[in-house]
Amino acid sequence: MNSDELILKNEPKRNFIHEIIDRDKEAGASAVVTRFPPEPNGYLHIGHAKSICLNFGLAKEYSGRCHLRFDDTNPSKENTKYIESIKEDIKWLGFDWSEHLYFASNYFDKLYEWAKALIRAGKAYVCDLPPEEVSKTRGTLTEPGTESPYRNRSIDENLDLFERMKSGEFPDGSKTLRAKIDMKSSFMVLRDPVMYRILRVTHHRTGDKWCIYPTYDWTHGQSDWNEGITHSICTLEFENNRALYDWFLRTLESLGVETGSKRLPKQIEFARLNLTHTVMSKRWLLELVERGVVDGWDDPRMPTLAGLRRRGFTPESIRDFCERIGVAKTNSIVELALLEHCARQDLNRRAERRMAVLKPLKITLTNYPEDKIDKFEVKNNPDDESAGTRNLIFSREIFIEEDDFRENPPKHFFRLMPGGEVRLKDAYIIKCNEAVKDSSGKIVELLCTVDPDSRGGQSASGKKVKSTLHWVSAKYSESAEARLYNPLFLTPNPYDFPKGQDLLFNLNSDSMEILKDCRIEKELASAKPGESYQFMRLGYFCVDSRNCVPGHLVFNQTVTLKDDLARVEKKK
RNA sequence: UGGGGCGUCGUCCAACGGAAGGACACCGGGCUUUGAAUCCGGUAAUGAUGGUUCGAUUCCAUCCGCCCCAGCCA
């Protein structure tokens with residue numbers, strides 16, 4: 001069975017984490033409990049989706065559970081407005097934390113008590129060094145650090161000082177609580193890491209209760225332990241932090257503190273997702289929004305879940321993508337083409353077909369009476385009978401795609417040309433007799449004739465035409481707007497820019513094309529925001545959920561259809 | 001120059017001492033009232049050098065390359 005079949009059967013591809021968990025189970029471990037721990041300081045993107053699929057997926061496969069825990073230890077960066085969007089995105093992706101919603105800030109009291117336990121055990125101390133001094137005395141990658149002059153204060157003094165830090169006696173930044181580990185360690189994180197800093201910032205959940213806040217390292221592992229997390233999965237850059245993660249846990253365990261679980265959680269690192277032609281860091285995503293490069297976090301060009309959703313990517317296609325990319329420890333950059341493939345595959349199955357002409361070229365059928373119409377009943381999805389049928393109306397004046405006609409066609413072009421014949425999908429075979437030009441020489445209209453024996457596109461005479469075009473009736477169609485997208489960055493790796501430049505060096509100035517005068521078949525006029533359709537021969541389009549007003553639909557192009565002609569022309 | 005990690009087709013992921021496989025991409029062909037979908041076929045990789053072994057992507061050694069760590073960010 002190949003991996004594709006596995007995916008179809010919904011059996012996730014195995015990875016090194018499965019092997020770790022299997023070994024743990026053989027060694028007697030019972031449940032599997034994972035967690036997804038976002039910091040509420042930005043929107044979720046497709047890189048988070050990889051982590052969400054991994055963590056919730058593992059929990060499901062092993063009949064365990066996955067917690068959603070907001071890692072809210074730094075109130076100066078975090079904001080409650082992100083919490084709802086994060087929850088919404090996870091739900092939209094198709095995952096459910098049920099009652100297991102937590103906040104690291106729920107553990108502030110417990111963490112404070114445990115910090116005191118560490119002080120009492122002589123494993124932590126209050127340090128008066130200002131930030132610059134802490135930094136200076138930390139040493140370098142190759143030189144050991146030096147011990148803080150405050151390192152050997154008495155336990156009582158430390159307890160007293162820590163208490164007073166908490167009660168607000170000292171100014172911001174003037175003191176920290178540090179773990180007493182080893183200033184000579186080759187792990188920089190073990191050189192007496194800061195556990196608490198003084199920060200007078202109102203926290204979105206605890207308000208002004210605290211003026212000291214625990215750091216990530218001091219919070220994360222203990223939160224895991226407290227929730228009974230068995231496998232704490234994070235990204236590669238935390239590999240060094242694992243030494244500290246384990247130190248806190250083991251030290252606390254040896255002190256006999258009480259937690260929600262006997263078993264110590266295990267941190268496992270995997271490579272974060274990178275996608276070509278885009279960026280995933282919150283910093284740069286924010287920058288794109290703030291510099292006005294994009295229209296907001298949910299701009300359809302953004303790799304955020306909100307952006308992808310608005311663009312028309314389905315949760316199923318994103319989950320499929322996350323499954324296909326696999327999980328490993330190698331730094332890698334996945335090609336955007338794979339994401340697009342997943343979208344096409346899913347949308348091909350579920351999106352109903354419609355006809356829309358993005359760049360209309362008018363055709364008058366000179367042998368088709370002015371007052372006549374034809375009604376054709378056509379399939380909504382040729383691959384899915386259950387999608388039903390709809391009616392198309394044909395009339396004397398129609399529009400076809402500007403690109404589907406060439407006055408001087410190259411060899412490989414077999415669409416409409418002077419004297420040539422094509423089929424209009426589900427309607428008639430037509431022949432082009434004349435291209436009408438305006439004074440500037442621009443083709444403004446084609447005069448064609450229909451073959452009356454070809455009703456429905458069938459050819460009674462057995463006539464073969466090489467090409468079938470999409471079309472809409474001029475009279476029985478509506479106007480609409482379509483937005484076509486290209487990647488935000490020109491280069492596969494946007495970070496690959498010359499010295500002295502920044503990321504915007506590789507920005508694609510042509511990432512969006514707005515087409516305001518598209519014509520859509522009547523049936524499409526009632527489409528609702530969020531719905532996806534295949535515009536025949538063009539691509540998948542999703543009704544925008546922001547810019548539609550009654551009578552004026554805006555469609556976002558999710559992906560194009562694969563295009564052989566484009567490929568052939570590119571080769572030339 | 002310390003430490004922690006990682007090197008397999010163009011890209012992503014497998015192979016756990018026994019014929020290097022899948023997916024995407026690409027190329028060629030069949031079918032087609034979407035140049036789509038679908039079907040068939042093809043190109044293409046173990047960073048290097050030694051060693052152990054009947055046999056090495058896998059074990060060992062050395063080398064090379066890339067990523068991460070010196071926030072009171074996460």
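Just so we're clear, the structure is a prediction, and the values are computed from it rather than from any experiment. A, B, ... follow the sequence lines: proteins, then strands. Residue 1 opens every chain.
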Problem - A/Tyr216 vs A/Asn74, side-chain hydrogen bond (donor to acceptor under 3.5 Å, both in side chains): CA-CA, chis, key distance, verdict - result: CA-CA 8 Å; A/Tyr216 164 84; A/Asn74 187 353; over 6 Å; no
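An OP1 or OP2 oxygen of B/C26 is reached within less than 4.0 angstrom by no side-chain nitrogen or oxygen of A/Arg567. Distances shorter than 4.0 Å separate some side-chain N or O of A/Arg242 from OP1 or OP2 on B/G5. Remark: A/His470 is not in phosphate contact with B/U34, judged by side-chain N or O atoms under 4.0 Å from OP1 or OP2. At the phosphate of B/A14, neither OP1 nor OP2 sits under 4.0 Å from any side-chain N or O atom of A/Lys13.
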Completion exercise
Given protein heavy atoms under 4.0 Å, the one-letter contact record of nucleotides 68-74 of chain B, with B base, S sugar-phosphate only and - none, is simply BBBSBSB
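Of the possible donor and acceptor atoms, none in the side chain of A/Tyr112 sits under 3.5 Å from a partner among the backbone N and O of A/Tyr107.
Checking A/Tyr428 against A/Asp374 by side-chain atom types alone, a donor-acceptor pair falls below 3.5 Å. Between the side chains of A/Arg35 and A/His220, at least one donor N or O lies within less than 3.5 Å of an accepting N or O.
Taking only distance into account, the side chain of A/Glu335 meets the base of B/G10 through a donor-acceptor pair shorter than 3.5 Å.
What separates CE of A/Met183 from C1' of B/G2 is a distance of 15 Å, to the nearest Å. At whole-Å resolution of the value, CG in A/Leu538 and C1' in B/A37 are 15 Å apart.
For A/Gln534, counting side-chain heavy atoms from C-beta on, the closest listed nucleotide (B/U34, B/C24, B/C13) is B/U34. In this structure, of B/G2, B/C13, B/A37, it is B/A37 that holds the atom nearest to the side chain of A/Asn348.
Note: A/Tyr102 and A/His67 have tilted aromatic rings, judged against thresholds of 30 and 60 degrees for the angle between ring planes.
Shown here are the side-chain hydrogen bond (donor to acceptor under 3.5 Å, both in side chains) partners of A/Asp404, two or more places apart in sequence or in another chain: A/Arg415, A/Arg537.
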